[in-house]
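Heads up: the structure comes next, in structure tokens.
Just so we're clear, the structure is a prediction, and the values are computed from it rather than from any experiment. First listed ligand is number 1; within each ligand, the first listed atom is number 1.
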Amino acid sequence: MGARGLDLDLPFAARHLSAMADDAELVIAGAGLTGMLLAVACAGAGLEVGVIDPQDPAAMLTPGFDGRTSAIAYGSRLVFDGIGLWPDIAAEAEPIREIRVADDSSPLFLHYDSRELGGETPLGYIVENRVLRRALYEHAQALPNLHLIAPSRVAAVEASPTGTLVLLEDGGQLRARLVAAADGKGSPLRRAAAIRATQWRYRQIGIVTTVAHARPHGGIAVEHFLPAGPFAILPMTGNRSSIVWTEDADLAPRILALPEAEFAAELRARFGGFLGEVEPVGPRWAYPLALLQAERYVARRLALVGDAAHVIHPIAGQGLNIAIRDVAALAELIVDQRRRGLDIGDDTVLERYQRWRRADAVLLAAVTDGLNRLFSNTIPPVRLARDLGLAAVHRLPPVKRLLMHHAMGTIGDRPRLARGQPL
Ligand SMILES: Cc1cc2nc3c(=O)[nH]c(=O)nc-3n(C[C@H](O)[C@H](O)[C@H](O)COP(=O)(O)OP(=O)(O)OC[C@H]3O[C@@H](n4cnc5c(N)ncnc54)[C@H](O)[C@@H]3O)c2cc1C
């Protein structure tokens, strides 16, 4: 199915600071998926919100901005639903009915089937990031209390016991109760707050592209573990799939530079024949892969959300899902505090946010890092152990159901939005 055209007019892109009250309750640095989701959630609940990003919003909405698709867990879909965004996304979201995880050339594999959980609920959805971004920006436009200040950049934040002053690079200033840093993995605000982070680069690049195929995918997501890393085939609308091909960092540039026919041949060699004839149809994108875990998610009147707080390997397609749970938790704490007439930037709110969110993100960082190391290992005993592990999980229905619920984001101490309740 074709995507809707990006026909937004962007009157708010040009809005200047002087057009909004000089006092926002919440200022968000970063208008990526995390920052905009937090902005729409909080502004939708009545908060006065300012969002600042150095990039031009019109450029962020073009198809050339981000080639990624995201595996959106079912719990994340509930968050989009609760904020009123899902109707704008649903038509371009492909339900994931099954997940097949296979080790390179091994006959044993792990198979998740949504039908094993009873009912029609899919395990999640595959959605193009630009579809998510467009839905967020359209919603933002309809909220008069959400002010997008872009292009502009947060230069510094000065927090005091009574409030916080956000200084913009162009000399503008903005007073707020709380600042959320959704400014990505290099987070200037995290650095400025002297929050240290554990981080490393994987010697891998994520090559992302789209393919068209002769046979329908049937809503099946496939992950092949190859020696260089996972090769994921993710079902998109129509007879298309998104490829996330993890490749050795030294080899990736050569693959990315291959002429079309040779690139297609490399893809087919990794694909297997289950979808029939396969043809690359989109541009090729390259994302260096990294792990990052901030030591703290909060400082005085500052909360880190999304990639600013944690970056994980895309092996399980969970990075944005963790960010969505951050947003759901922080929005709930802020909105509840405000309903009580209390300061949303109070330390108690921030401490609760950190306690609530950090364990989930640390666990997923450890699991994804471990899986990547385990499956990128060609030593025979390690291969045997992991194949037996996959087969064992496959044969233990209770363990498998637990892992399926975990992948769906439908267990654990979930915020109201992630349980399908309104904010
Ligand atoms: C190959 C790949 C595949 C992935 N697949 C999945 C998947 O299937 N499922 C999933 O859940 N996750 C996936 N992820 C992870 C997911 O894409 C990221 O976690 C997510 O996009 C992070 O969004 P963000 O808004 O937190 O950060 P970003 O997108 O980095 O946004 C940060 C924003 O902050 C702005 N900014 C920077 N400095 C400043 C400043 N000083 N002031 C104001 N603004 C500033 C930037 O301009 C930018 O717009 C994948 C990641 C990769 C690399």
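- With sequence neighbours excluded, no residue forms a salt bridge (Lys or Arg N to Asp or Glu O under 4.0 Å) with Arg215.
- Inter-residue side-chain proximity for Tyr112 and Leu117 is flagged as unmet; no heavy-atom pair is nearer than 4.5 Å.
- The backbone N or O of Glu92 lies less than 3.5 Å from no partner atom in the side chain of Tyr125, so there is not a single donor-acceptor pair.
- Around ligand 1 you find Ala29, Gly30, Gly32, Leu33, Thr34, Ile52, Asp53, Pro54, Gln55, Met60, Arg68, Thr69, Ser70, Ala71, Arg153, Val154, Ala182, Asp183, Gly184, Pro188, Val208, Tyr287, Gly306, Asp307, Pro314, Gly317, Gln318, Gly319, Leu320, Asn321, each with a heavy-atom distance below 4.0 Å.
- For Ala43, the side chain to side chain contact (heavy atoms under 4.5 Å, CB included) partners two or more places apart in sequence, or in a different chain, are Val49, Leu143, Asn145, Leu146.
- Remark: Arg268 pairs with Glu277, Glu279 by the salt bridge (Lys or Arg N to Asp or Glu O under 4.0 Å) rule, at least two apart or across chains.
- Relative ring orientation between Tyr202 and His313 is described as perpendicular, the plane-to-plane angle rising above 60° on a 0-90° scale split at 30° and 60°.
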